[in-house]
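Step one of this worksheet: look at the structure below.
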Amino acid sequence: MRTMNFLKILFPSPFKIHRLVEVLSILLFLVFSGLCLYEFGTLSLSAFQDSPWIFLAELVALLFLAYITADFISGFVHFLGDSFGNEFTPYIGPAFIFPFRDHHVDPKGITRHDFVETNGNNCLVSLPILLYCFFAPLGNENFPWARTFWILVLVGIFFTNQIHKWAHQDEPNQLIKYMQKKRWILSPEHHKIHHTAPYDTYFCITTGWWNPLLHKIRFFPTVKKSVDYILNFLHIG
């Protein structure tokens with residue numbers, strides 16, 4: 001009985017193929033990211049024993065770089081979803097572009113999404129890189145820093161939409177409020193700037209740390225203008 005109730009929650013009626021893809025993507029992401037972190041953690045033991053303080057300093061630096069990279073990627077993908085194509089764009093329109101556009105129509109809609117709907121797409125797009133990191137042969141280096149970096153970036157991306165959801169909730173729990181207040185994750189006040197017309201700035205939604213700089217140098221308007229020019233030149237769109 002409990003199993004049937006769980007399956008009904010996991011796959012609400014009417015059944016949708018994309019929901020199944022999201023569930024499988026989350027499961028595969030959790031399994032392979034866990035296996036990767038376990039493998040790299042095992043490999044780190046020898047490096048830690050050789051130079052513990054140097055290794056810890058490098059690891060902290062790697063964590064920080066991965067976190068801010070996840071924030072930048074979240075902004076760039078968000079910008080693409082808000083700026084190009086529409087819900088009728090073949091293949092990616094209904095599943096990937098529509099949620100971005102609908103979010104501006106109903107900003108609180110994300111707070112009504114369950115865990116699968118909130119995080120499924122991020123897991124799906126992360127899987128190719130994650131599977132490469134797991135299956136590709138390791139080199140002769142003492143510790144796979146580059147591969148560990150990308151695993152940590154993907155973990156940051158995994159949490160991004162959940163962080164985004166918390167920024168729209170009226171009453172997240174006290175720990176989330178504390179992290180938002182400290183600006184360790186995206187805060188509602190910071191994200192409110194993006195939801196102010198014309199909705200063309202502050203796209204980064206993991207921490208938002210990149211947003212002031214990218215806004216100041218007009219990064220996204222410049223990219224949009226360049227892409228529009230290329231598309232017009234090629235007579236696309």
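What you see below is based on every heavy atom in this structure, not just the backbone, and it leaves out hydrogens, waters and symmetry mates.
- A donor-acceptor pair under 3.5 Å is absent between the side-chain atoms of Arg183 and the main chain of His190, judged by distance alone.
- Counted by atom type alone, Thr111 and His168 present zero donor-acceptor pairs between their side chains at under 3.5 Å.
- To the nearest 0.5 Å, atoms CD (Glu39) and CZ (Arg147) are separated by 8.0 Å.
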- prompt: side chain to side chain contact (heavy atoms under 4.5 Å, CB included) between Phe72 and Trp209: does it pass, once the steps are laid out?
  reply: CA-CA 9 Å; Phe72 179 81; Trp209 294 347; over 6 Å; no

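- Using the six-membered ring where Trp is involved, His164 and His191 have ring planes that are perpendicular, over 60° apart on the 30 and 60° scheme.
- Aromatic ring centres of Phe203 and Trp210 lie farther apart than the 6.0 Å criterion allows.
- Side chain of Asp71 to backbone of Gly208: a donor-acceptor contact under 3.5 angstrom is found.
- Ion pairing of Asp82 with Lys224 is absent here, as no side-chain N (NZ or NE/NH1/NH2) approaches a carboxylate O to less than 4.0 Å.
- Expressed to the nearest 0.5 Å, how far CG of Leu62 lies from CG of Leu56 amounts to 12.5 Å.
- For NZ of Lys182, the number of neighbouring non-hydrogen atoms (other residues, nucleotides, ligands) closer than 6.0 Å is 12 at most.
- Note: Phe79 and Phe219 fail the aromatic proximity criterion, with ring centroids not under 6.0 Å apart.
- Listed here is the closest heavy atom pair of Gly120 and Ser25: O-CB, 4.0 Å.
- To the nearest 0.5 Å, atoms NZ (Lys16) and CD (Glu117) are separated by 8.0 Å.
- Put simply, CE on Met179 and CD on Gln174 are 13.5 Å apart, with the number rounded to the nearest 0.5 Å.
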task: Verify side chain to side chain contact (heavy atoms under 4.5 Å, CB included) between Phe55 and Gln49, making sure each step is shown before the conclusion.
output: CA-CA 9 Å; Phe55 179 80; Gln49 291 171 351; over 6 Å; no

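- Using the six-membered ring where Trp is involved, Phe233 and Tyr229 have ring planes that are parallel, under 30° apart on the 30 and 60° scheme.
- Distance CD1/Ile97 to CD/Glu87: 9.5 Å, rounded to 0.5 Å.
- More than 12 heavy atoms of other residues, nucleotides or ligands shown are found within 6.0 angstrom of NE2 on His113.
- Within 6.0 Å of the CZ atom in Phe84, the count of heavy atoms belonging to other residues, nucleotides or ligands exceeds 12.
- Within 6.0 Å of CZ on Phe159 lie no more than 12 heavy atoms contributed by other residues, nucleotides or ligands.
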Identify all side-chain donor-acceptor contacts of residues 26-38 below 3.5 Å with residues at least two apart in sequence or on another chain.
unit_1, atom_1, unit_2, atom_2, d
Ser33, OG, Phe29, O, 2.6
Ser33, OG, Leu30, O, 3.3

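- Between the side chain of Arg101 and the backbone N or O of Gly81 there is at least one donor-acceptor pair closer than 3.5 Å.
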task: Could you go through the salt bridge (charged side-chain N to carboxylate O under 4.0 Å, His left out) check for Arg112 and Asp106 one step at a time?
output: CA-CA 11 Å; Arg112 299 188 293 273; Asp106 181 16; 2.3 Å; yes

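- Looking only at atom types and distance, the side chain of His194 has a donor-acceptor partner in the side chain of His78 under 3.5 Å away.
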task: With side chain to side chain contact (heavy atoms under 4.5 Å, CB included) as the test, would you mind laying out the steps for Phe96 and Leu124 before giving the verdict?
output: CA-CA 11 Å; Phe96 292 99; Leu124 177 60; 3.8 Å; yes

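- With hydrogens and angles disregarded, no donor-acceptor distance shorter than 3.5 Å links the side chain of Thr89 to the backbone of Ile92.
- Relative orientation of the Tyr199 and His104 rings is tilted, given thresholds of 30° and 60° on the angle between their planes.
- Note that CG of Leu127 and CG of Leu24 are 9.5 Å apart. Values are rounded to the nearest 0.5 Å.
- Between the side chains of His18 and Asn121, at least one donor N or O sits under 3.5 Å from an acceptor N or O.
- What you find for Thr206 and Gly156 is that their closest heavy atoms are CG2-O, 4.3 Å.
- Put simply, the side chain of Tyr67 never gets that close to the backbone of Thr207: no donor and acceptor are under 3.5 Å apart.
- Here the side chain of Lys165 pairs no donor or acceptor atom with the backbone of Thr118 at under 3.5 angstrom.
- The closest donor-acceptor contact from the side chain of Asn161 to the backbone of Asn119 lies at 3.5 Å or more, if one exists at all.
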